[in-house]
Undergrad: 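My questions all concern the structure below.
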Amino acid sequence: MSKLFLLILAFTALCTFAQKTAPFPVGPVPTERQLAWHEMEQYAFVHFTTNTFTDKEWGYGDESELVFNPTAFKAEQWVKTLKAAGLKALILTCKHHDGFCLWPSKYTEHSVKNSLYMNGKGDIVKEVSAACQKYELKFGVYLSPWDRNHTSYGTAEYLDYYRNQLTELFTNYGPVFEMWFDGANGGDGYYGGKREKRNINASTYYQWPVTLGLVREMQAGVLFFSDAGPDIRWCGNESGYAGATNWCTISVDTLYAGKSGIEKLLNSGDENGNKWIPAEVDVSIRPGWFYHAREDTMVRTAENLFDIYLRSVGRGSNLLLNIPPDRRGLFNEVDSISLMQWKKLLDDAFSVNLAFKSTVIATTHRGNSPEFSAKNLVDGNKETYWATDDNTKTAAIEIDLGNKKNVKYIIIQEYIKLGQRVKSFSMEVWNTNKWQLVANETTIGYKRIIKIDPVCTEKIRIQITDSKACPVISNIEVY
Ligand code: FUL
C-alpha cells in the first residue's frame with residue numbers, strides 16, 4: 001500500500017470519527033443564564049406609581065407623595081393572577097421617570113414613606129417580591145435611570161444616588177432575575193424644584209459598565225436588559241412583535257453607533273453579530289403603560305394577545321406583557337378576564353402534540369449515528385438533537401403522523417447551545433397526493449411557531465434550505 005493511500009485512509013477515518021461527535025458551536029452562544037431566560041418565554045411587566053393616580057404616562061416629578069394611595073393593594077392578587085395566566089415572572093417599576101419610589105428608600109423623600117399608603121409604613125417592593133417568592137414567580141426590577149424629581153439629575157452626584165438605590169433593591173428584596181434599564185429620556189422635569197430641561201449624553205453619562213459591575217457583584221445571576229443588552233436587547237418597538245427574521249446575535253458596536261434608525265436592526269438582530277443578545281418584546285395589555293379608567297374598554301382581547309404571543313415567543317423572543325394595576329392597587333377585572341381567556345386559547349391550541357414519538361425520517365443525519373438521528377426531534381427531550389454532517393447545510397425532515405390529523409401549528413426549535421444556524425426553511429403538508437407549501441421562512445432560533453391554514457394531513461415535510469453551518473434541531477411539535 002502506498003503511503004499516500006494510507007494517508008487518505010487515515011484522513012477519511014478521522015473525518016468519519018469527527019462527524020460522529022457533536023458539531024462545534026457556531027458564532028456566539030447563550031450563557032447559562034440566557035438559556036434559562038429563553039425557557040421562561042413569557043412574563044409580566046407591572047407599571048405602578050403616582051401616574052396611576054394622576055392619570056399620566058410620564059409624571060413630571062413634582063407630584064405630591066400623598067397622591068399615591070392604593071386602597072386595596074394586594075400583591076398576592078397580582079401574583080396569583082399572573083401565575084394562573086401562565087406567566088413566569090414579574091418585573092416591577094420600582095421607580096419610573098417621575099422618581100417616586102415604591103419602597104421606602106433612605107436616599108429620597110419622594111417615596112411611599114411619605115404617602116398615605118399604610119400611613120407611610122408600606123413597602124410595595126417588599127410585598128411584591130415576597131409574594132413572588134411565595135408563589136414561585138421570578139422577580140425583576142425596573143429602576144428608571146431618568147429621574148425627573150431628583151435635584152442632582154444630570155450631574156455625577158446622581159450616579160451615586162442611582163447606584164445607592166440599586167444597592168437597596170439588590171440587597172433587601174431577594175433574588176432579581178432581570179434588571180430593566182429604560183433608555184427613555186424627555187429632558188425636562190421638576191428636578192428638585194429647578195423646573196428645567198436637562199440634557200445628558202445617554203451613551204456616556206450613566207457609566208453603565210461601573211453600575212452593571214456593581215450590581216453583578218451583589219447578584220451574579222441577574223440579566224441586564226437595555227436597548228444594547230448586554231444580556232437582553234429591546235425588540236425595537238412597543239407594539240408586540242419580534243422580527244419574522246430574528247437573530248439572537250447582534251454586534252454591540254452597531255447598537256451603540258447612531259441611535260436613530262436602530263429599531264429595525266434591534267427587531268431582526270444580525271446574522272453575523274458578535275454577541276448573543278436575544279430580543280425581548282415589551283408590550284402593554286392597554287394603550288398606556290399605566291392604568292387609566294378611560295382605557296377600560298380598550299384592553300387587548302385574548303385573540304389579540306394570542307397573536308402577540310405568536311409574533312414574540314413564536315419568533316424566538318420572550319414576551320414581557322404589561323398589566324397595570326388600577327387605583328385600588330389591583331389588576332382590573334377587565335384585564336384579568338382577558339388574561340384568563342388568553343391562557344385558555346394557549347392551552348387549547350397547544351394541548352396535544354401530534355408529533356410526539358411519531359415516525360420521523362431525514363434525508364441525512366450526522367455520521368449516520370443514532371446519536372443524531374431524526375428520532376431525537378420528537379422524543380420530548382430538549383437535550384437530544386438531529387444534526388447533519390459539517391458540510392451539509394440543507395436537508396429534509398419528514399414527519400409521519402400515522403393517520404390524517406387536523407394541523408394548525410408547527411413548532412420547531414434549534415439546539416441553541418451550539419448557536420443559531422438556520423437561515424431559511426420551508427414547510428409542506430401532504431395534501432391530495434402531493435406536497436403543498438404552507439410556509440417559507442427564514443430564522444428558527446430558540447423557538448419558531450408557524451401558524452398554517454388548518455389542514456387535515458398525515459405527513460409534514462420541513463426542508464432546511466440554508467444554514468450558517470450544519471443544522472442542529474432539537475425539537476418539532478405539531479398541533
Ligand atoms: C418606555 C417608557 O418611557 C414608558 O413609560 C414605559 O416604561 C416603557 C416600558 O418604556 O421607554
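These numbers were taken from a predicted model, which means no experiment stands behind them. In this chain, numbering begins with 1 at the start of the sequence shown. Counting starts at 1 for both ligands and their atoms, in listed order.
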Undergrad: In a check of side-chain hydrogen bond (donor to acceptor under 3.5 Å, both in side chains) between Lys447 and each of His38, Glu41, Glu414, which one passes?
TA: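 Between Lys447 and the candidates, side-chain hydrogen bond (donor to acceptor under 3.5 Å, both in side chains) is satisfied uniquely by Glu41.
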Undergrad: Run the numbers for me: atoms of ligand 1, each under 4.0 Å from some heavy atom of Glu238, listed by number.
TA: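 Within the 4.0 Å cut-off of Glu238, ligand 1 contributes 1 (C), 8 (C), 10 (O), 11 (O).
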Undergrad: Please name the residue in the list Thr465, Thr245, Val422, Ile450 that meets the side chain to side chain contact (heavy atoms under 4.5 Å, CB included) test with Glu441.
TA: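 For Glu441, the side chain to side chain contact (heavy atoms under 4.5 Å, CB included) test succeeds with only one of Thr465, Thr245, Val422, Ile450, which is Ile450.
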Undergrad: For the residue pair Phe350 and Tyr409, categorise the inter-ring angle as parallel (less than 30°), tilted (30 to 60°) or perpendicular (more than 60°).
TA: tilted
Undergrad: Should you measure from each heavy atom of His97, which atoms of ligand 1 turn up under 4.0 Å away?
TA: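 Counting atoms of ligand 1 from 1, those under 4.0 Å from His97 are 2 (C), 3 (O).
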Undergrad: Give me the nearest non-hydrogen protein atom to atom 7 (O) of ligand 1 as residue plus atom name, then the distance to 0.1 Å.
TA: His47 NE2, 2.7 Å
Undergrad: Trp58 versus ligand 1: do any nitrogen or oxygen atoms come within less than 3.5 Å of each other?
TA: yes
Undergrad: Around atom 2 (C) of ligand 1, find the nearest protein heavy atom and jot down its residue, atom name and distance.
TA: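 The closest heavy atom on the protein side is Asp182 OD2, 3.1 Å.
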Undergrad: On the six-membered ring of Tyr173, is Lys126 placed so that its NZ or CZ lies under 6.0 angstrom from the centre and within 45° of the ring axis?
TA: yes
Undergrad: Taking a cutoff of less than 4.0 Å between a non-hydrogen atom of the residue and any ligand atom, is Phe290 in contact with ligand 1?
TA: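 Checking ligand 1 against Phe290, which is what was asked, there is no heavy-atom contact under 4.0 Å.
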Undergrad: With heavy-atom distances below 4.0 Å as the criterion, list the atoms of ligand 1 near Ala184.
TA: 3 (O), 11 (O)
Undergrad: Please tell me whether Tyr205 and Gln207 have a donor and an acceptor in their side chains that are separated by less than 3.5 angstrom.
TA: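 No - no donor-acceptor pair under 3.5 Å links their side chains.
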Undergrad: Regarding Asn322 and Ser284, is there a side-chain donor-to-acceptor distance under 3.5 Å anywhere?
TA: yes
Undergrad: Under 4.0 Å from a heavy atom of Phe45: which atoms of ligand 1 are those, numbered in the order shown and with their elements?
TA: 9 (C)
